[in-house]
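See structure below.
All values derive from a computational prediction rather than experimental measurement.
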Amino acid sequence: MNGADAIVKCLELEGITEVFGYPGVAICPFYNSILDSDISTVLIRTEQNAAHAASGLARVTGKVGVCAVTSGPGATNLITGIATAFADSIPLVCITGQVNSELLGSDVFQEADITGAAESFVKYSYLIRDVNDIPRVFKEAFYVANTGRKGPVLIDIPIDVQNAVINKFRYPEEVNMRTYKPTVKGHIVQIKKVMRELEKAKRPLIYAGGGVTLSGACEELRKFSEKFRIPVVSTMMGIGVMPTEHPMYFGMVGNNGKPYANRAMNESDLLIMVGARVADRSVNQPDLITHDKVLVHIDVDPAEIGKNAGPTIPLVGDARHIFEDFEKQEFECEHEEWLEALDGYRRNMKLVRRPNPEYVDPEELIREISYKMKPDGVYVADVGQNQIWSCAFHVVREGRFLTSGGMGTMGYSIPAAMGAKLGDMSKQVIAVCGDGSFQMSMMELATIQQYHIPVKIVVFRNNYLGMVREYQHYSYKDSYSVVDISGVPHLDKLAQAYDIPYIRVARNEDIDGALDDFLKDDCSYLMECMIDPMDLVK
């Protein structure tokens with residue numbers, strides 16, 4: 001067994017079924033060895049999307065996503081995908097080939113210090129110099145990626161190490177890293193403090209982030225909210241923690257959130273923040289969430305607690321474990337007046353859009369998609385105006401809402417949707433993107449067709465980089481610079497080139513019939529929707 005065989009064996013023992021990547025000489029030993037495995041390989045058309053596809057699979061399955069690319073430009077192209085996963089705490093193991101060990105530091109062909117270049121965007125990184133270290137390194141990498149605050153781990157492997165003979169392959173049964181011991185159980189003293197504050201609170205509110213989903217705590221949070229009648233708001237990454245139309249859910253907070261969700265957060269006297277950073281898009285004035293209220297901050301990463309806002313009660317631990325412990329506590333609380341007030345805010349503070357009847361209204365389109373797609377389907381939003389409209393109008397029922405939150409990476413939706421579909425072929429998966437973000441990943445239509453990945457793609461066509469144009473509208477008084485992308489490509493011809501069915505929606509009256517055709521069969525489909533170029537998200 002050589003090093004490449006050992007890598008494949010490690011992946012098999014970790015239960016990996018898919019590897020997304022792009023080959024090159026420095027990673028060829030690995031891709032040669034994987035031919036003898038049951039692990040499927042997916043040839044992505046650009047390396048960044050290998051990480052996005054692995055991210056989509058990881059988010060749907062709860063397992064670690066894996067991607068593998070070659071050295072030099074292959075590895076550096078992967079960095080944006082790694083950074084995207086790091087910002088949203090998505091567990092990945094990213095394998096990069098490297099030049100021969102004795103040539104490291106010599107600036108030879110396609111050499112790049114990828115461990116150094118990616119240092120800011122990985123949870124941990126390895127450069128393997130001894131073939132016998134492969135089993136230990138891979139066991140540690142998967143453990144680190146999928147425990148504590150999850151995230152990407154990079155493994156850089158020189159080609160000579162991949163070709164070297166391993167003395168004896170033994171995959172460790174457990175991991176014992178002296179410097180890495182994440183806390184998952186919340187401290188009982190802090191838990192009891194939270195319960196005492198809940199008993200006193202008149203206006204409690206749960207503020208849920210993406211960490212709730214990552215910890216598998218959605219059901220526990222819902223039960224807790226329902227049992228004690230505690231309302232819930234969410235960050236963008238927390239969308240889907242509660243069904244959108246659940247009576248205890250009051251929407252997304254932040255710059256682009258619901259006005260009544262922001263008002264609820266501001267007026268609460270006890271804010272339980274769980275699995276969320278105090279990030280600027282959700283909380284642009286951190287002082288407001290500590291002023292005149294008790295702030296409980298629950299996070300598995302102690303570095304996030306107190307980073308941007310000082311909590312009254314810090315509570316380190318995994319969200320699922322903590323909500324299970326909450327359930328065991330005995331306490332009483334009553335705040336029906338608060339719920340009645342929030343219901344009133346929700347009724348009276350809805351923003352009313354006035355769409356241009358000559359184009360498709362994004363609100364109507366997204367709501368129709370929500371109700372016509374399967375209840376447990378996966379909706380993957382890209383970045384831009386389409387993302388903000390999707391956050392505002394998509395109705396999560398039993399399914400998932402995926403997007404790039406912390407990094408805001410354009411081009412995320414199509415490869416992430418591919419990964420999500422391969423992660424669970426029984427799920428209906430829809431990628432929604434703007435015409436700008438679509439052009440960043442449209443090469444993956446080839447991957448979709450080659451590997452028969454039935455992903456539905458909706459393109460909002462407004463011929464602008466809409467989010468930047470909207471910023472320039474407000475900040476530069478309609479002085480538009482480098483945002484016009486009108487003209488090409490012709491999506492009907494592009495779809496024909498890739499043998500993908502295509503449909504065009506020009507007005508609202510076209511939506512219903514078009515969606516029936518679009519969603520009828522489990523096959524790939526491209527739908528182009530004409531959006532008013534001057535439409536605004538707010």
Side-chain angles (χ1 to χ4, degrees), residues 59-60 206 208-210 212-213 218-219 221-222 225-226 231-254 256-262 264 342-343 345-353 355 360-403 405 413 416-417 420 424 427-434 455-460 505 508 510-516 518-520 527 529 531 535 537-538:
R59 294 175 72 172
V60 165
I206 297 172
V212 176
T213 302
C218 294
E219 185 177 351
L221 184 146
R222 290 175 199 171
S225 168
E226 291 166 351
V232 178
V233 296
S234 76
T235 64
M236 178 184 290
M237 297 304 293
I239 291 175
V241 165
M242 300 278 279
T244 303
E245 295 178 335
H246 193 289
M248 300 304 293
Y249 180 64
F250 289 86
M252 185 182 86
V253 298
N256 297 300
K258 302 291 187 185
Y260 48 86
N262 288 326
L342 293 185
D343 283 331
Y345 297 161
R346 180 159 48 190
R347 286 191 303 270
N348 299 322
M349 295 180 69
K350 289 183 178 179
L351 296 177
V352 178
R353 285 174 45 81
V360 173
D361 175 19
E363 177 177 3
E364 183 168 341
L365 173 65
I366 292 168
R367 289 196 184 278
E368 283 295 306
I369 291 173
S370 302
Y371 292 119
K372 282 182 176 286
M373 69 186 291
K374 293 181 179 177
D376 65 346
V378 181
Y379 184 111
V380 189
D382 218 288
V383 170
Q385 286 181 315
N386 71 88
Q387 182 188 50
I388 307 306
W389 281 321
S390 293
C391 291
F393 306 128
H394 175 55
V395 179
V396 180
R397 291 182 284 169
E398 302 164 22
R400 293 289 304 277
F401 178 87
L402 309 183
T403 193
S413 66
D424 189 344
K427 293 286 191 290
Q428 186 181 63
V429 181
I430 299 176
V432 176
C433 48
V455 169
K456 311 288 186 181
I457 302 170
V458 179
V459 180
F460 285 16
V505 183
N508 286 344
D510 302 333
I511 292 174
D512 189 60
L515 281 177
D516 286 342
F518 180 70
L519 298 172
K520 181 172 58 178
M527 183 165 71
C529 302
I531 306 298
D535 205 347
V537 299
K538 61 180 180 181

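- Minimum heavy-atom separation, Ile366 to Ser390: CD1-N, 3.7 Å.
- Rounding to the nearest 0.5 Å places CD1 of Ile369 at 6.0 Å from CD1 of Ile430.
- Under the side chain to side chain donor-acceptor pair (under 3.5 Å) criterion, Asp512 pairs with Lys372, sequence neighbours left out.
- Separation of atoms CG (Asn386) and CD1 (Ile531) is listed at 9.5 Å; rounding is to 0.5 Å.
- Taking all atoms of both residues into account, the shortest heavy-atom contact from Leu365 to Cys529 is CD2-SG, 3.6 Å.
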Review point. Yes or no on side-chain contact (heavy atoms from CB on, under 4.5 Å) for Ile388 and Phe393, after CA distance, side-chain angles and deciding distance?
Key: CA-CA 9 Å; Ile388 307 306; Phe393 306 128; over 6 Å; no

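- Under the 4.0 Å criterion applied to side-chain N and carboxylate O atoms, Asp535 and Arg353 are assigned as salt-bridge partners.
- The shortest distance between side-chain heavy atoms of Asn256 and Cys391 does not fall below 4.5 Å.
- Atom-to-atom distance recorded for Tyr260:OH and Lys350:NZ is 6.0 Å, nearest 0.5 angstrom.
- Remark: Arg222 does not engage Glu226 in a salt bridge, criterion side-chain N to carboxylate O under 4.0 Å.
- Annotation: the span from His394 atom NE2 to Arg367 atom CZ amounts to 11.0 Å, rounded to 0.5 Å.
- Annotation: side chain of Arg397 is not in contact with side chain of Pro243 (no heavy-atom distance under 4.5 Å).
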Check your understanding: Could you walk me through whether Met373 and Leu515 pass the side-chain contact (heavy atoms from CB on, under 4.5 Å) check?
Key -> CA-CA 9 Å; Met373 69 186 291; Leu515 281 177; over 6 Å; no

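- Thr403 is not listed as a side-chain neighbour of Tyr379, based on a closest heavy-atom distance of 4.5 Å or more.
- Taking each heavy atom of Glu364 and Asn508 in turn, the nearest pair found is OE1-ND2, 3.4 Å.
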Exercise for review: Carefully, step by step, assess Ser225 and Met242 under the rule side-chain contact (heavy atoms from CB on, under 4.5 Å).
Suggested key: CA-CA 10 Å; Ser225 168; Met242 300 278 279; 3.8 Å; yes

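- Using a distance-only test at 3.5 Å, with no hydrogens or angles considered, no donor-acceptor pair links the side chain of Asp376 to the main chain of Gly399.
- Ser370 OG to Phe401 CZ: the interatomic distance, rounded to the nearest 0.5 Å, is 9.5 Å.
- Distance alone, capped at 3.5 Å, is enough to place a donor-acceptor pair between the Lys456 side chain and the Phe518 backbone.
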Practice item. Please assess Asp382 against Val432 for the test side-chain contact (heavy atoms from CB on, under 4.5 Å), listing each intermediate value before the final yes or no. Key: CA-CA 6 Å; Asp382 218 288; Val432 176; over 6 Å; no

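- Using a 4.5 Å heavy-atom threshold, the side chains of Thr213 and Val241 count as touching.
- Within a 6.0 Å sphere centred on CD of Glu219, other residues, nucleotides and ligands contribute 12 heavy atoms or fewer.
- Take Thr235 and apply the side chain to side chain donor-acceptor pair (under 3.5 Å) test, not counting sequence neighbours, and it matches no residue.
- A donor and an acceptor atom, one from each side chain of Tyr249 and Thr244, are nowhere located under 3.5 Å apart.
- The shortest distance between side-chain heavy atoms of Gln387 and Met236 falls below 4.5 Å.
- Side chains of Leu351 and Lys538 form no contact here, defined as non-hydrogen atoms less than 4.5 Å apart.
- With sequence neighbours excluded, the residues that form a salt bridge (Lys or Arg N to Asp or Glu O under 4.0 Å) with Arg346 are Asp343.
- For the pair Lys258 and Phe250, the minimum side-chain heavy-atom distance is 4.5 Å or more.
- Residues Val396 and Gly240 share a closest heavy-atom pair of CG1-CA, 4.0 Å.
- Side-chain contact between Val459 and Cys433 is present, with at least one heavy-atom pair separated by less than 4.5 Å.
- Nearest heavy atoms, Leu402 versus Ala420: CD1-CB, 4.4 Å.
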